[in-house]
Amino acid sequence: MTNSLQTRHLCILGSTGSIGMSTLDVVRAHPEQFKVVALTAGQQIERLAQQCLEFKPAIAVLSSAEDAQSLSTLLQGKGSSTQVLYGQEGLITAVEDSDCDTVMAAIVGAAGLLPTLRAAQLGKRVLLANKEALVMSGDLFMNAVRKGGAELLPIDSEHNAIFQCLPPQFMSAKHTPSMKELLGVEEIWLTASGGPFRNTPLEDLASITPDQACAHPNWVMGRKISVDSATMMNKGLEVIEAHWLFDLPLEKIKVLIHPESVVHSMVRYRDGSVMAQLGQPDMRTPIAFGLAWPNRIHAGVAPLNLTQLSGLHFTEPELKRFPCLALAFAAAKQGGTSPTILNAANEIAVAAFLSGKLPYLRIAQVVEATLNHLESKQAQSIEDVLESDRKAREAATTYLIQA
Ligand code: NAD
Ligand code: MG
């Protein structure tokens with residue numbers, strides 16, 4: 001285990017996004033503990049440039065060669081020695097060659113899979129925000145973590161809460177059924193805010209706009225995950241994420257709507273105990289937890305004041321209101337490449353919705369049609385996963401056109 005005084009060398013995949021910027025916010029407050037060695041973004045040249053000038057990473061990556069050239073010119077003009085790379089190869093190089101020991105996986109969607117997997121194979125500490133990567137590749141990813149000797153720490157607030165509520169031996173006992181049995185975990189309860197449309201009359205859902213869908217009541221997040229929260233596909237992806245992270249059967253993973261977003265998730269034990277993790281809805285808490293684990297550092301988050309809460313409420317989700325959640329449950333149960341197909345079709349449908357090309361209620365229909373159209377298989381390799389992702393994107397795109 002790393003001693004507490006050692007400086008962690010950090011590669012942030014997706015540094016210009018909501019999670020990436022919150023990570024840098026925590027890092028900024030602890031300059032002696034963290035050194036940023038690689039930063040990556042899709043297309044946000046200016047924001048990445050500012051980050052490079054502030055944190056001086058060895059490597060920066062953008063998606064396209066043109067943008068990388070612009071960033072490189074800009075940085076050289078300011079006397080920066082950051083090397084600028086591009087594309088998936090650039091992301092892999094950032095993980096392999098930046099001298100990082102810790103990788104924050106905060107790219108949104110399937111684009112984050114290969115660099116995150118590489119970090120796992122190389123035995124890094126992997127701070128996993130990019131749930132889509134794990135949903136797509138399931139046991140292949142978890143095998144890479146085991147084989148590579150990586151330290152996988154969940155950043156998704158619910159999974160981070162579960163991780164904190166499990167006994168420390170749980171993660172090491174995960175694959176030893178008799179040891180795991182002794183620890184008495186009966187169920188985990190993932191909480192969900194229910195998003196902005198929890199109480200919207202069903203007949204009004206047809207005319208939802210992207211801005212309405214992205215106006216989350218409690219959390220400030222990137223646009224894709226905000227839409228996923230509104231449809232509750234996010235919670236469906238999180239059920240699959242929890243299944244792999246904690247090696248628990250789907251029957252032991254429950255979803256509860258909890259509109260206040262204060263209880264971030266819970267574990268129910270055999271003896272009647274229920275352990276919960278509470279906190280402000282601020283991702284800097286799980287990010288700081290992952291960065292400093294097993295120590296605790298200040299995250300810049302205001303203390304939770306229980307006396308100011310109006311109450312804590314919990315209800316079961318209505319699957320009629322949230323058909324994406326039902327589709328995710330079904331894909332999880334089906335197994336094989338169904339979660340990969342679900343995720344790819346959802347990415348295509350959400351992108352179309354966000355660009356005004358698909359009505360809100362058609363998101364679930366596109367995902368369902370794609371799942372029905374493609375056969376689920378057992379993926380033997382990452383190439384199989386990528387092939388399934390590609391086919392699902394193609395199929396989903398044809399269902400968009402039929403909309
Ligand atoms: P975001 O859209 O704000 O940021 C995404 C980042 O990925 C940006 O830096 C963007 O430039 C980069 N990116 C996007 N497409 C890319 C591509 N094709 N190639 C390379 N880089 C690309 O998203 P976010 O809200 O920060 O979410 C990031 C991940 O964390 C998602 O998987 C999300 O589900 C997960 N997550 C987010 C939150 C949250 O509160 N924001 C909470 C839990 C989990
Ligand atoms: Mg979450």
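Each ligand, and each atom within it, is numbered from 1 in the order the structure gives. Keep in mind that what you see is a predicted model, and the values were worked out from it rather than measured.
Salt-bridge annotation for K377 and D384: absent, with no side-chain N of the basic residue lying under 4.0 Å from a carboxylate O of the acidic one. Comment: E394 does not engage K391 in a salt bridge, judged by the lack of any side-chain N to carboxylate O separation of less than 4.0 angstrom. The pair E181-R270 meets the salt-bridge criterion, since a charged nitrogen lies less than 4.0 angstrom from a carboxylate oxygen.
Nearest protein heavy-atom neighbour of atom 12 (C) of ligand 1: G42 N, 3.8 Å. In terms of protein heavy-atom proximity, atom 25 (O) of ligand 1 is closest to G222 N, 2.8 Å. Among all non-hydrogen protein atoms, the one lying nearest atom 27 (O) of ligand 1 is I19 CG1, 4.2 Å. Remark: minimum distance from atom 32 (O) of ligand 1 to any protein heavy atom is reached at E132 OE1, 2.6 Å. What sits closest to atom 14 (C) of ligand 1 on the protein, heavy atoms only, is V108 CG1, 3.8 Å. Closest protein heavy atom to atom 36 (N) of ligand 1: I225 CD1, 3.6 Å. Looking at atom 9 (O) of ligand 1, its nearest protein heavy atom turns out to be T16 OG1, 2.8 Å. Residue, atom and distance of the protein heavy atom nearest to atom 34 (O) of ligand 1 are K131 CE, 3.2 Å.
Set against the non-hydrogen atoms of A111, the atoms of ligand 1 under 4.0 Å away are 17 (C), 18 (N), 19 (N). Close approach of ligand 1 to A129 (heavy-atom distance below 4.0 Å) involves ligand atoms 30 (O), 32 (O), 35 (C), 36 (N), 44 (C). Atoms of ligand 1 lying under 4.0 Å from at least one heavy atom of A106, given by number and element, are 5 (C), 6 (C), 7 (O), 28 (C). Counting the atoms of ligand 1 from 1 in the order shown, those under 4.0 Å from a heavy atom of A41 are 11 (O), 21 (N). Listed by number with element, the atoms of ligand 1 under 4.0 angstrom from any heavy atom of S63 are 17 (C), 19 (N), 20 (C).
Of the residues listed (R8, R125, K124, K35), the one engaging T102 in a side chain to side chain donor-acceptor pair (under 3.5 Å) is R8, and it is the only one.
Remark: at the Mg ion (ligand 2), atom OE1 from E158 and atom OE2 from E238 enclose 100°, rounded to the nearest 10 degrees.
Considering only heavy atoms from C-beta on, V145 stays 4.5 Å or farther from V126 through its side chain. When side chains are defined from C-beta on, L358 counts as touching I363, because their heavy atoms get closer than 4.5 Å. Inter-residue side-chain proximity for L250 and V239 is flagged as met; some heavy-atom pair is nearer than 4.5 Å. Here the side chains of S15 and T23 are not in contact, with every heavy-atom distance at 4.5 Å or above.
Considering CD of Q365 and OG1 of T370, their distance stands at 11.5 Å, rounded to 0.5 Å.
Closest heavy-atom approach to atom 43 (C) of ligand 1 within the set I12, N130, D156: this belongs to D156. The heavy atom nearest to atom 24 (P) of ligand 1, out of those in S18, S157, A133, is found in S18.
Contacts between M221 and ligand 1 below 4.0 angstrom, taking non-hydrogen atoms only, involve backbone and side chain alike. Proximity of Q44 to ligand 1, defined as any heavy-atom pair under 4.0 Å, is confined to the side chain (atoms from C-beta onward).
Looking only at its N/O/S atoms, D156 has OD1 as the one nearest to the Mg ion (ligand 2).
H258 places no side-chain N or O within donor-acceptor distance of the main-chain N or O of S265, the cut-off being under 3.5 Å. Side-chain atoms of H264 come within 3.5 Å of backbone N or O of G279 as a donor-acceptor pair.
Q50 and R47 form no side-chain donor-acceptor contact under 3.5 Å, judged by distance and modelled atom types alone.
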